[in-house]
Structures are given as structure tokens and as C-alpha cells.
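Single-structure report; data block below.
Fair warning: this is a prediction, and the values are worked out from it, not measured in the lab. For the numbers below, each heavy atom of this structure counts, side chains included, while hydrogens, waters and symmetry mates do not.
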Amino acid sequence: MKMKITKDVADKLCFRGRIVWKEDMAVLGYTNSSVTIHFKGTKLKVSLRTGHTDTINLPGLRIYMDDVEKFSHVMNELEQEVMLFESAEPEEHTIRVVKITEAAMSYVGFAALDLDGELLPVPEDRRTKALFIGDSITCGYGVLGAPDSEYDLREEDGELCYAAFLARNMNWNAEWVSASGHGTFVDYLNDTENVLPREFPYTNWFYDKETREDFSRFQPEYIIVNLGTNDSGPIWADESGNTRRGFLASYERFLYVLRKAYPEAKIICVLGTVAPGMFKFVEQVVAKVNMEGLKGVYGVELPEHDVEHDGMASGHPSKATHEKDAKRIEEFIRRMKL
């Protein structure tokens with residue numbers, strides 16, 4: 001039986017991440033957004049849509065059955081039907097479809113289910129909530145690529161970034177708001193338009209510039225902010241210091257935005273993996289807001305990635321570096337008893 005993703009159907013599924021409900025579909029945008037389906041039956045097929053079919057921007061999905069990876073899928077057509085499960089006799093399973101590519105380059109619309117069987121309730125996720133905010137590093141940009149490979153979204157894997165490793169290590173229910181090349185005050189090309197503080201209030205700025213996020217929907221206990229890498233080039237190139245001052249002001253304003261949206265969250269600001277020398281500016285802002293009474297904000301400097309020992313992936317941190325950064329942040333949280 002084919003079912004559109006109406007409210008009655010959606011209530012029996014579990015969507016994670018910032019999901020835009022528009023055009024008769026649930027739109028998975030940001031890194032590691034997902035849908036979980038618990039069912040009993042003989043067949044489960046899904047109807048998907050996307051807006052990208054050009055070779056380098058094909059969105060990627062990973063499918064799990066009962067928490068075991070089943071297969072990966074690349075959306076290379078605007079509309080596709082994907083068979084997730086088929087058997088001769090009815091079986092009960094939980095299938096999770098994860099979008100492992102970022103919102104700025106792609107979306108996947110979850111349009112319909114074709115199920116021979118019945119939907120069952122998905123158990124409530126009671127794990128600690130966490131929110132990751134960042135740029136290409138937080139998206140897992142290029143982690144599957146060669147050291148100097150050119151951009152290709154198929155070499156991006158959000159489940160292999162430091163944030164995903166940390167979420168698994170800590171057993172968190174995590175969400176992402178991240179975009180490659182984007183910054184806090186300017187992007188890597190010195191453009192003030194492509195910045196996370198501007199995009200953050202929207203559920204998915206890259207798909208829908210009208211729908212604003214309801215912050216009460218997902219209240220994280222931890223927020224990890226990894227911003228400043230893309231601001232660094234313009235900052236070092238600007239001898240006037242104006243870009244640096246703009247960065248400091250923008251970073252500070254953004255921390256106040258986060259505190260207003262998430263009053264109880266512990267905010268951990270990290271930086272340094274491919275932006276040596278930049279953490280001192282983050283540290284300056286963290287110290288300032290703490291003095292002003294904004295409590296629960298911390299800073300963690302990450303060392304520059306060790307290319308000689310850990311390699312490089314598309315000019316970005318390798319999987320080994322991501323794993324090490326995850327452990328560094330985890331150790332800070334445990335040491336500080338946060």
C-alpha cells in the first residue's frame with residue numbers, strides 16, 4: 001500500500017534533524033538528518049525526490065536495518081523509488097535512512113512509503129541531545145577523498161566527521177547545522193552573505209528561506225560550535241583588522257543567539273584543526289561573554305591536524321584526525337564534568 005507522508009503517517013515515523021515539511025514531502029537537508037521506520041511486513045519501498053542531478057552534487061544516503069548498515073545510495077535522478085526491504089514472509093524490522101551529505105549542496109525529499117504490511121511505533125529516543133554547528137569540517141567534507149582531490153559531494157560523509165564520532169562515543173541524539181565554506185562573519189571568499197549566524201534561525205535556509213526553526217522542538221544539552229576556519233583567510237589577509245573585529249563581534253552575537261534559543265545548553269566552542277592561530281580570537285570572545293554573565297560557555301583549542309602521520313582528505317582533515325578531535329572534545333567534557 002502506497003502512503004503519502006501525511007501527518008498520520010509521519011506520526012508513526014521518527015524524523016531527526018531539521019526537517020522542512022513542504023510540497024507534500026519531508027525534506028531531509030542538513031548532515032545526518034534521517035528518518036526511522038519500524039514496520040512488520042514483506043516489502044518496504046520509499047519514493048524520494050531531489051533537486052540535484054549534476055555529477056558533483058549528488059546527495060548520498062546510508063540505510064541501516066536493525067542498526068546494521070545495509071547499503072548506501074546516491075540520488076542520481078530527480079525522482080526515485082528505492083527498495084529498502086523485501087521478503088517472502090512478514091518480518092519485523094527497524095530501518096533508518098540517513099542523509100550523509102550537507103544541506104548547502106543537496107536535499108532529499110521523503111515523499112511516500114510503499115509498504116506491504118503495517119507501520120509500528122518507533123520507540124522514543126531518550127538519549128542526551130546535542131547540536132553541532134560548523135562548516136565543512138563538521139559536514140565531513142572530502143573525508144573519503146584523496147589528499148588533494150577536487151570537490152565532489154560523493155566524497156563527503158557526515159558519519160565520518162568528528163561530530164559523528166563524538167555523538168557515537170557519547171551516545172547522543174545529535175543534530176547538525178553546518179555548511180561547507182561558510183563562516184561566522186565572512187566565508188572563505190570574504191563574502192558576508194554566506195555565514196552560519198544568518199542561516200541558523202531557519203529550519204533549512206538552503207531549501208526554504210521562509211520557514212524559521214522552532215527552537216523548542218529540540219533543546220540540546222550540549223552545543224558544539226566549530227566556526228572560524230573559513231573566516232581565517234580573510235582575517236589574515238586584512239591588515240586593517242576590520243575583518244578580525246567583525247569576526248569577534250559576530251561570534252559574540254551568535255553566542256547570545258544560542259543562549260536565548262537554548263537557555264540550558266552547555267556551549268563548547270572549538271577551533272584549530274585547519275585554522276592555526278584562530279582559537280585565540282574564540283578564546284577572547286568566550287572570556288568576554290563569561291565576564292558579562294553568559295554562563296555555560298567554554299572553549300577548546302584543537303591542534304592543527306598532523307598531515308604527516310594522519311594524512312589529508314581533499315585538503316581537509318582525514319578520518320584519523322576526525323577521530324582524534326572527537327576524543328579531545330570528549331576528554332574535555334568528561335574532565336570538566338559537564
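Residues satisfying the ring-ring contact (aromatic ring centres under 6.0 Å, His included) criterion with Phe200, sequence neighbours excluded, are Phe215, Phe254. Considering only residues two or more places apart in sequence or on other chains, Asp24 meets the side-chain contact (heavy atoms from CB on, under 4.5 Å) condition with none of them. Considering only residues two or more places apart in sequence or on other chains, Glu175 meets the salt bridge (Lys or Arg N to Asp or Glu O under 4.0 Å) condition with Arg217. Not counting sequence neighbours, Asp8 has no partner by the salt bridge (Lys or Arg N to Asp or Glu O under 4.0 Å) test. Partners of His316 by ring-ring contact (aromatic ring centres under 6.0 Å, His included), not counting sequence neighbours, listed by chain and number: Tyr141. With sequence neighbours left out, the ring-ring contact (aromatic ring centres under 6.0 Å, His included) criterion links Tyr107 to Tyr207. The side-chain contact (heavy atoms from CB on, under 4.5 Å) search around Phe110 returns Ile5, Leu13, Phe15, Ala26, Leu28, Val35, Ile37, Val46, Leu48, Leu113, not counting sequence neighbours.
Note on ring orientation: taking the six-membered ring where Trp is involved, the planes of Phe206 and Tyr30 are perpendicular (angle over 60°, cut-offs 30° and 60°).
Residues Arg62 and Asp157 are paired through a salt bridge, judged by an N-O separation under 4.0 Å between the basic side chain and the carboxylate. The pair Arg244-Asp238 does not count as a salt bridge, with every side-chain nitrogen at least 4.0 angstrom from each carboxylate oxygen. Taking a cutoff of 4.0 Å between a charged side-chain nitrogen and a carboxylate oxygen, Glu81 and Lys2 qualify as a salt bridge. Ion pairing of Lys327 with Glu330 is present here, as a side-chain N (NZ or NE/NH1/NH2) and a carboxylate O approach within less than 4.0 Å.
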- Show the numbers, then the answer: is there a side-chain contact (heavy atoms from CB on, under 4.5 Å) between Leu294 and Leu255? CA-CA 9 Å; Leu294 195 68; Leu255 290 180; 4.2 Å; yes
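Hydrophobic clustering keeps Trp176 apart from Leu61 (ILVMFWY residues linked when any side-chain heavy atoms are closer than 4.5 Å, directly or through intermediates).
Annotation: side chain of Glu252 is in contact with side chain of Val289 (closest heavy-atom distance under 4.5 Å). Counting only heavy atoms from C-beta outward, the side chains of Lys43 and Met83 approach each other to under 4.5 Å.
Centroid-to-centroid, the aromatic rings of Phe218 and Tyr262 stay 6.0 Å apart or farther.
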Extract all donor-acceptor atom pairs below 3.5 Å that involve side chains of residues 297-304 and protein atoms in other chains or at least two apart in sequence.
none

Could you pull out all donor-acceptor pairs under 3.5 Å where a side-chain atom in residues 267-283 meets a protein atom, sequence neighbours excluded?
from	atom 1	to	atom 2	distance (Å)
Thr273	OG1	Asp325	OD2	2.7

Sequence neighbours excluded and cut-off under 3.5 Å, please list the side-chain donor-acceptor pairs for residues 144-152, or say none.
from	atom 1	to	atom 2	distance (Å)
Ser149	OG	Ala146	O	3.4
Ser149	OG	Glu155	OE1	2.8
Ser149	OG	Ser314	OG	2.6
Tyr151	OH	Asn57	OD1	2.6
Asp152	OD1	Arg154	N	2.9
Asp152	OD1	Arg154	NE	3.3
Asp152	OD2	Arg154	NH2	3.2

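Here side chain to side chain donor-acceptor pair (under 3.5 Å) pairs that include residues 32-42, with residues two or more places apart or in two chains, are His38-Glu92. Sorted by first then second residue, the salt bridge (charged side-chain N to carboxylate O under 4.0 Å, His left out) pairs that include residues 180-193, not counting sequence neighbours, are Glu193-Arg198.
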